[in-house]
Amino acid sequence: MNDFTHTARDEVRILVVDDDAVDRLTIREELDHVGYEAAIEEAGTLEVAVHHLTADDFDCVLLDYNLPDGTGHDFLEWIQEHGIEVPVIVLTGQTDEEIAARLMSAGAYGYLPKRKLNGAELRDRLVSVIGSHESRTALERTRERLEIAVVSSGIGIWEYDPRTGNAQCDVAGCHLMGLSPDVETPLPDFLARVKQDHRAKVSTLILNAAEDIDAKRTGTEFLTELDPEGVVRWIELSAQPAVRGQGDTRRVARVVGTIADVTSQRREANRLRFLAQAGAALANGFDPADTLHRLAELVAPAWADLCVIATPGGGPDEVWVGSARGPGIDAEVADRIEAWVTGEGRSIFTVPGEDERIGSHLIVAGTRESLETRLGQGASATLLTDADIASMVTVAVPGPDQTNGGILLISTHPELRYAGGDLLVLEELARRLATKLESVRVYTGVDQARATAESALKDRDYLLQVISHDLRDPIGTILGAASLLQMDILSEDQIKVQAGVIQRVGSRMSELVEGLLDVSRMEAGQFRVDLKPVELDDLIAESATQLQPAVTKAGGTLSVELPAGLPNILGDRPRLLQVIANLVGNALKHAGDEPIVVIRANARAQEVQISVQDSGPGIAPEKTSRLFERFWQDEGTVGGAGLGLAIVKGIVEAHSGRIWVESTPAIGSVFTFGLPIVSEDRSPAEAEAGTPA
């Protein structure tokens, strides 16, 4: 049977398998009597029934147990062996209830005694069984697709048996932990694959879940031990008890959870965080040496054991240097490398890289052979080899005519080996640093140019923060819910709850992405609205109905005050609903406990003014001018990306309207937007087309 239900066809298709022609006729007549429309095929033997099921799809089979060439049990075995998904209702004789029970255990959906056969009961049973089968089939399809998605994401499954003290992983989990698949592993051996510094917290997590039947799903992240291939991974492990029994007999039968490789996610998050922090460091101050030192301290020791940044200074022989180091590198060796990089070793930033070059110089393995390939045999290669380098990366800081200098990172830890993604981040940092240095040389004292450059950097870094923070947590929630569904231990109600979680979190992610796209279109002048005649009183009533649940949840009240005879406007209805929703949401966010929100509308001159009033603490006068800036949020604001009011302003202005705010401290704020009124002498065609009045 395909993925679609019988509603995609004109009528239900039923196969009646019964060697008694009278019984088959009775079924037809009873269904006709109650008006149940169905296309019925008949089979008096299993051979004919098999032929029908092989040739066509059916929504249900009505099956008699005793047939000339076999039994109903034979038929159920056949459809299961051939993977035919069709629900079966067994038709029983006078004393065949025991047989019917065995058939239901073998896969039948239900049974009907022939002696009680009537049209109404038969119709109801068909509707129930077909609907149940379609729901079960749809659920199974969803489970299969979620399982494929989870497996494809590289997430493994593990479990721990408190009775035996053994842990076991699936193939994906064993690969991540360096264990043998489908082999029970004593917990100490499982923990031996965890880096020693992290073993205590992983052990505590597992044992707490094994001892507490009411424990919730918890998780932690840890580093694995170095595997034979020299790979160290960051693993995210979740655990929750699987409880069996009832009442006082409840016990933790197993601890189950997921194992996921989050190395790339952590590295990407660290890269984004680093760029955001670097942007802030570059934006503050114009002392080049201080800026380079602050950048180097962001890198080491968190991202490197040694970071050296060297660039030409303001004068012919001047060099600006910034450096920082961690405890993993010998101090004397670090001093020698810094001196070399700021002197003759600055040529390292322009050495050709051949296969290991990605945009600029990259050495991912600090072996003597790779260093000699890049630097030649001699003092410089020996110097860097003495540092016992596990990985090294260099990148040039571009200048207008020649290389300005560069950035050097050295790692002595096997778990930190630089890759192409790290180089891309460093190249972005180098570009920003080059811009900063150029502005120091050329634009010092030009306040407007400096402010514009700093604002652009801050906006870009804040956008990276929004994406890394506001999307990572929802993705984690979706993966967590999906892993629970994949375990196949949830009830139908619990499955619906987890599916709802995925839908809600996905909607929030979609809203964030749409908000970012809207702001981007507005800045590029590509934002468009679909203008059509709109009845304002109807629009505001619809908006109030949609927003009432959110207001009630916030413990507040929402009222609407509209005069009679409001004129029509030209507007994009969904976008105007979005404007009102954003303004009311903003009011609820800042109005405190038991917020009071009032929506009003009035016609003034050639425009209609719609306002949203709140009972909040009001807004300081010096802040009102910044309310509609993208990404701007008041200090102390929790959550959100700072896009809501910027989007509101863009939508209103796309309607040739205007928006403003009036606020009184300790009393509240009123956000008002005005939209042009549709001229009365315009034709319906002009209004529909959005022709200006």
Side-chain angles (χ1 to χ4, degrees), residues 1-140:
M1 203 169 194
N2 58 30
D3 286 353
F4 301 99
T5 66
H6 72 265
T7 53
R9 298 195 293 266
D10 293 335
E11 55 189 349
V12 175
R13 293 183 58 81
I14 300 173
L15 176 62
V16 180
V17 185
D18 195 321
D19 60 341
D20 191 325
V22 175
D23 287 344
R24 299 199 300 268
L25 179 60
T26 300
I27 290 172
R28 285 183 179 274
E29 290 176 344
E30 288 293 335
L31 291 178
D32 287 341
H33 180 69
V34 295
Y36 186 77
E37 296 184 1
I40 299 177
E41 296 288 346
E42 299 179 5
T45 64
L46 289 184
E47 182 181 0
V48 176
V50 166
H51 172 75
H52 280 303
L53 285 177
T54 304
D56 205 349
D57 288 338
F58 289 88
D59 297 294
C60 188
V61 174
L62 297 176
L63 174 67
D64 188 22
Y65 180 73
N66 290 307
L67 295 163
D69 54 347
T71 66
H73 197 278
D74 297 329
F75 179 78
L76 288 171
E77 286 185 347
W78 182 85
I79 65 173
Q80 289 176 356
E81 289 175 359
H82 289 76
I84 296 176
E85 298 178 359
V86 59
V88 177
I89 300 174
V90 179
L91 302 175
T92 65
Q94 185 70 21
T95 59
D96 289 343
E97 281 77 5
E98 184 177 345
I99 292 176
R102 291 202 304 269
L103 287 175
M104 289 180 66
S105 298
Y109 270 64
Y111 73 95
L112 277 174
K114 288 186 178 181
R115 67 181 183 276
K116 297 181 179 180
L117 195 63
N118 64 74
E121 186 172 358
L122 179 57
R123 175 198 59 202
D124 293 344
R125 186 63 59 88
L126 285 169
V127 171
S128 174
V129 166
I130 292 173
S132 175
H133 175 71
E134 290 172 350
S135 299
R136 186 184 302 180
T137 301
L139 184 61
E140 180 64 18

All salt bridge (charged side-chain N to carboxylate O under 4.0 Å, His left out) counterparts of D19, not counting sequence neighbours
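Scan of D19 (salt bridge (charged side-chain N to carboxylate O under 4.0 Å, His left out), adjacent residues dropped) gives none.
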Salt bridge (charged side-chain N to carboxylate O under 4.0 Å, His left out) involving E42 - partner list, sequence neighbours excluded:
R24, R28
Could you work out, with side chain to side chain donor-acceptor pair (under 3.5 Å) as the rule, every residue matching [X], not counting sequence neighbours?
| X | answer |
| --- | --- |
| D69 | none |
| T71 | D74 |
| R123 | none |
| D56 | R13 |

Measuring from atom [atom1] of [X] to atom [atom2] of [Y], what distance do you get when rounded to the nearest 0.5 angstrom?
| X | Y | atom1 | atom2 | answer |
| --- | --- | --- | --- | --- |
| D59 | H133 | CG | NE2 | 8.5 Å |
| I40 | F58 | CD1 | CZ | 11.0 Å |
| H51 | L46 | NE2 | CG | 14.5 Å |
| R125 | I130 | CZ | CD1 | 12.5 Å |
| D18 | L63 | CG | CG | 8.5 Å |
| Y65 | L76 | OH | CG | 10.0 Å |

Under the side chain to side chain contact (heavy atoms under 4.5 Å, CB included) rule, collect the residues that match up with [X], sequence neighbours excluded.
| X | answer |
| --- | --- |
| D32 | none |
| S105 | none |
| E30 | T26, N118 |
| V50 | T54, W78 |

Give me the atom names and distance for the closest heavy-atom approach of [X] to [Y].
| X | Y | value |
| --- | --- | --- |
| A43 | A49 | CB-N, 3.6 Å |
| V129 | C60 | CG1-SG, 4.4 Å |
| P68 | T45 | CG-CG2, 4.3 Å |

How about [X] and [Y]: do any of their side-chain heavy atoms sit closer than 4.5 Å?
| X | Y | answer |
| --- | --- | --- |
| L53 | L15 | yes |
| L31 | L122 | yes |
| V17 | L67 | yes |
| Y111 | L103 | no |
| E37 | V12 | no |

Using a 3.5 Å distance criterion without hydrogens, assess whether the side chain of Q80 forms a donor-acceptor pair with backbone atoms of A106.
yes
Considering the options L62, V61, I89, which one meets the side chain to side chain contact (heavy atoms under 4.5 Å, CB included) requirement together with I14?
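Per the side chain to side chain contact (heavy atoms under 4.5 Å, CB included) rule, the option paired with I14 is L62, out of L62, V61, I89.
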More than 12 foreign heavy atoms under 6.0 Å from CD of E77: is that the case here?
yes
Could you give me the CA-CA distance, side-chain angles and deciding distance for I79 and V88, then say whether side-chain contact (heavy atoms from CB on, under 4.5 Å) is met?
CA-CA 10 Å; I79 65 173; V88 177; 3.9 Å; yes
List the steps, then state whether side-chain contact (heavy atoms from CB on, under 4.5 Å) holds for M104 with V90.
CA-CA 8 Å; M104 289 180 66; V90 179; 5.6 Å; no
